[in-house]
Amino acid sequence: ACTTTYTLKVDAISSPEPLEDEPQSYIIVNTSPSIEESDLHYKETVSWVKTAISGNNLYEAVSLKSADILIELDYGIQKPYKRTRVVGDMQVVREPPMIRTVWVETSHGPRMTQVVIPGRLIMIPWQRVSVEIIHKKYLRMTAIKNSKSKKSDTDFEHLWSVSVSNEDTNDDLRKILPFMISVASDFIGKDSGSGKKIRIKEDDIAVYLVKAGMQPQAKP
């Protein structure tokens with residue numbers, strides 16, 4: 001059976017200052033205005049995030065005051081838009097049969113008769129315009145130093161930010177989120193350059209582990 005492959009776009013930036021070598025404690029902060037923290041889907045998403053980032057020298061703090069960093073979490077789906085594209089294909093057409101007059105030998109000598117010649121199968125190229133409804137799903141995680149932490153000597157400082165998006169005809173945000181979270185965790189504290197495209201298969205083992213609440217193995 002064919003396995004679906006998702007194309008994700010990643011934009012990641014990091015502070016020029018190197019990240020702490022020692023494990024950093026964090027608290028996740030909901031910055032999605034349309035999502036309530038009591039929502040079951042939000043709780044599920046947060047659990048996926050915690051699992052995915054657990055291999056990045058991060059651990060969950062017991063309170064806001066004790067957290068070294070705040071990880072702002074924002075995700076959602078934007079208003080759909082239409083995308084037009086030209087689709088090319090080949091169409092199989094059978095030519096109409098032809099009637100020909102031929103001479104045949106009979107016991108009474110040559111005689112003229114008509115025969116039917118079947119039409120050939122030919123390939124004709126054709127194009128059509130396809131209009132698709134595209135849904136853009138996004139996930140953003142931004143880490144800032146916690147001004148309420150005793151370790152912080154600044155009120156506000158960005159450490160890193162990762163943004164992942166997916167644009168296709170699928171409007172199932174819950175289905176694509178584990179894939180975006182898994183990819184985002186690979187870019188924590190890194191710079192992706194001017195947008196990087198990542199292709200990830202539906203049966204990716206790292207995504208399965210994130211959804212199962214198990215820490216994925218570190219990638220080389």
Side-chain angles (χ1 to χ4, degrees), residues 1-12 41 44-45 48 51-52 75-140 162-187 190-214 216-220:
C2 294
T3 301
T4 302
T5 300
Y6 300 105
T7 300
L8 308 177
K9 181 181 178 182
V10 183
D11 286 289
H41 182 213
E44 180 182 52
T45 302
W48 289 337
T51 300
Y75 64 91
I77 183 168
Q78 295 182 354
K79 184 178 180 180
Y81 65 91
K82 291 183 180 180
R83 182 174 67 189
T84 303
R85 63 190 183 101
V86 177
V87 180
D89 204 345
M90 300 294 290
Q91 185 177 9
V92 180
V93 178
R94 181 181 290 276
E95 292 181 327
M98 295 186 298
I99 299 177
R100 287 185 179 179
T101 301
V102 296
W103 288 91
V104 297
E105 289 290 338
T106 68
S107 58
H108 302 287
R111 179 170 296 179
M112 189 171 59
T113 187
Q114 291 182 326
V115 296
V116 178
I117 301 176
R120 298 176 303 161
L121 291 177
I122 58 175
M123 302 287 289
I124 299 178
W126 64 282
Q127 292 181 333
R128 64 182 176 87
V129 176
S130 173
V131 179
E132 301 174 325
I133 304 299
I134 302 300
H135 303 271
K136 182 176 181 178
K137 288 80 66 181
Y138 66 90
L139 168 81
R140 286 188 289 268
V162 184
S163 176
V164 184
S165 62
N166 164 260
E167 296 184 54
D168 56 23
T169 57
N170 184 6
D171 63 351
D172 191 344
L173 177 62
R174 182 174 180 266
K175 183 176 182 179
I176 196 68
L177 269 175
F179 296 87
M180 293 196 289
I181 291 169
S182 177
V183 169
S185 68
D186 292 335
F187 286 86
K190 300 177 182 178
D191 289 292
S192 64
S194 58
K196 186 170 185 177
K197 287 188 177 180
I198 303 293
R199 294 174 64 84
I200 183 169
K201 292 185 178 181
E202 192 171 30
D203 58 358
D204 190 279
I205 184 62
V207 177
Y208 169 79
L209 294 176
V210 166
K211 292 194 290 185
M214 302 167 64
Q217 295 294 319
K219 296 182 180 180

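These numbers come from the heavy atoms of this one structure, side chains and all, not from hydrogens, waters or symmetry mates. Everything quoted here is computed from the prediction, not taken from an experiment.
For the atom pair CZ of F179 and CG of L8, the computed distance is 9.0 Å after rounding to the nearest 0.5 Å. Put simply, CD on Q114 and CE on M98 are 13.5 Å apart, with the number rounded to the nearest 0.5 Å. To the nearest 0.5 Å, the span separating CG on N166 from NZ on K175 amounts to 11.0 Å.
Heavy atoms only, all atoms of each residue included: S192 and A12 are closest at OG-N, 2.8 Å. Pairing each heavy atom of S163 with each of R140, the nearest pair is OG-CG, 3.5 Å. Counting all heavy atoms, side chain and backbone alike, V210 lies closest to A52 at CG2-CB, 4.0 Å. Across G119 and R94, no two heavy atoms sit closer than the pair O-NH1, 3.0 Å. Of all heavy-atom pairs between S185 and S182, the closest is OG-O, 2.7 Å.
V86 is linked by a side-chain contact (heavy atoms from CB on, under 4.5 Å) to Q127, counting only residues two or more places apart in sequence or in another chain.
The environment of CE in M112 is sparse: at most 12 heavy-atom neighbours from other residues, nucleotides or ligands sit within 6.0 Å.
Counting heavy atoms from C-beta on, the side chains of D11 and K9 come closer than 4.5 Å. Put simply, the side chain of L139 does not reach to within 4.5 Å of the side chain of V183, judged on heavy atoms.
Ion pairing of D168 with K137 is present here, as a side-chain N (NZ or NE/NH1/NH2) and a carboxylate O approach within less than 4.0 Å. In summary, R83 and E167 do not engage in a salt bridge, as defined by a charged side-chain N under 4.0 Å from a carboxylate O.
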Evaluate side chain to side chain contact (heavy atoms under 4.5 Å, CB included) for V207 paired with Y6, printing each intermediate quantity in order. CA-CA 12 Å; V207 177; Y6 300 105; over 6 Å; no
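Among pairs with a residue in residues 96-120, those fulfilling salt bridge (Lys or Arg N to Asp or Glu O under 4.0 Å) read E95-R120, at least two apart in sequence or across chains.
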